[in-house]
> 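Before we start, here is the structure in question, set down as structure tokens.
Just so you know, these numbers use all the heavy atoms, side chains as well, and skip hydrogens, waters and symmetry mates. Not measured: the values here are computed from a predicted model.
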Amino acid sequence: MKKNEPGQVHPNFLNCRCSGTGRNLILVATYKEEAMGVGDVCNREVIIIDREGSIREAAGLMRKYHVGDIVVVEKKNKDRFPVGILTDRDIVLELIALDVDINTVTVGDAMSFELITAREEDDVMETIKRMRHKGVRRIPVVNDRGGLEGILAVDDLIDLLAEQLTDLARLVMGAQQRESEKYL
């Protein structure tokens, strides 16, 4: 089928149909929005540690890089596979508040074991729903082999949504300004 023939479906549109021919060709379409993937918005700079790392080392890395979590990984060949996550909250509530000697436990002892991950191609909105359902604020992002590629945090999502809302507000304000200038 040639481009713009009657009845043709365009790949970038939903419900797209061409009707008529030549100069009378009409394209009626509803735009197909591509879902934003987790890999498009995740933070690629992930602070990592292995299971044998100390709690003091993990806390020091969190402080140095101003993060609230550290991803626990196992290294295989060139990939790093997430096996757990340790948060500042885990350290405070599960160790310090219970007066656990942090010199007697490793990161592997204190990390969260029920790790959920997102793939780079996963839809952002679906991933947010999974995070809400599981009650997690941060989720490691993995490639198709399961190797660590990034991390998606609620704070990053809030920044993204705030930026998009600001763009929408500017759009409305600009349209209103153009309308008022038009009638002056």
> Of all heavy-atom pairs between Val71 and Pro82, which one has the smallest distance, and what is that distance?
CG1-CB, 3.8 Å
> Please tabulate, one pair per line, all N/O donor-acceptor pairs under 3.5 Å involving side-chain atoms of residues 133-143, not counting sequence neighbours.
unit_1	atom_1	unit_2	atom_2	d
Arg137	NH2	Asp155	OD1	3.2
Arg138	NE	Asp69	OD1	2.9
Asn143	OD1	Arg145	N	2.9
Asn143	OD1	Gly146	N	3.0
Asn143	OD1	Gly147	N	2.8
Asn143	ND2	Glu149	OE2	2.8

> Output yes when a side-chain donor or acceptor of Asp159 lies under 3.5 Å from a complementary backbone atom of Asp156, and no otherwise.
no
> Not counting sequence neighbours, list each pair that qualifies as a side-chain hydrogen bond (donor to acceptor under 3.5 Å, both in side chains) and has a residue in residues 41-54.
Arg44-Glu120, Arg51-Glu74
> Arg170: which residues meet the salt bridge (charged side-chain N to carboxylate O under 4.0 Å, His left out) condition with it, sequence neighbours left out?
none
> Would a hydrophobic clustering, with Ile, Leu, Val, Met, Phe, Trp and Tyr connected at side-chain separations under 4.5 Å, put Ile85 with Leu157?
no
> Just by modelled atom types, is the Asp79 backbone N or O under 3.5 Å from a matching donor or acceptor in the Asn77 side chain?
no
> Can you check whether Asp122 reaches Arg130 side chain to side chain, under 4.5 Å on heavy atoms?
yes
> Heavy atoms only: give me the nearest Arg119-Val38 pair and the separation to one decimal.
O-CB, 3.7 Å
> If you define the side chain from C-beta out and look only at heavy atoms, does anything of Val83 sit under 4.5 Å from Leu115?
no
> Using a 4.5 Å cut-off on heavy atoms from C-beta on, say whether the side chain of Leu152 contacts that of Thr127.
yes
> Please round to the nearest 0.5 Å and tell me the distance separating atom CD1 of Ile47 and atom NE2 of His66.
10.5 Å
> Just wondering, do Leu161 and Ile158 contact through their side chains at under 4.5 Å, heavy atoms?
no
> Which residues pass the salt bridge (charged side-chain N to carboxylate O under 4.0 Å, His left out) test with Glu57, not counting sequence neighbours?
none
> Between CD1 of Ile70 and CG of Leu86, what distance do you get to the nearest 0.5 Å?
7.5 Å
> Distance under 6.0 Å and angle within 45° of the ring axis: does Lys76 meet both against Phe81?
yes
> Please find the pair of heavy atoms, one from Glu94 and one from Val100, that lie closest to each other, and give the distance.
O-CG2, 4.0 Å
> Nearest 0.5 angstrom please: Asp90 CG to Thr87 OG1, how far?
3.0 Å
> Restricting to salt bridge (charged side-chain N to carboxylate O under 4.0 Å, His left out), what partner residues turn up for Arg132, sequence neighbours left out?
none
> Working to the nearest 0.5 Å, report the span between CD1 of Ile55 and OG1 of Thr104.
9.0 Å
> If the condition is salt bridge (charged side-chain N to carboxylate O under 4.0 Å, His left out), which residues does Lys129 pass it with, not counting sequence neighbours?
Glu126
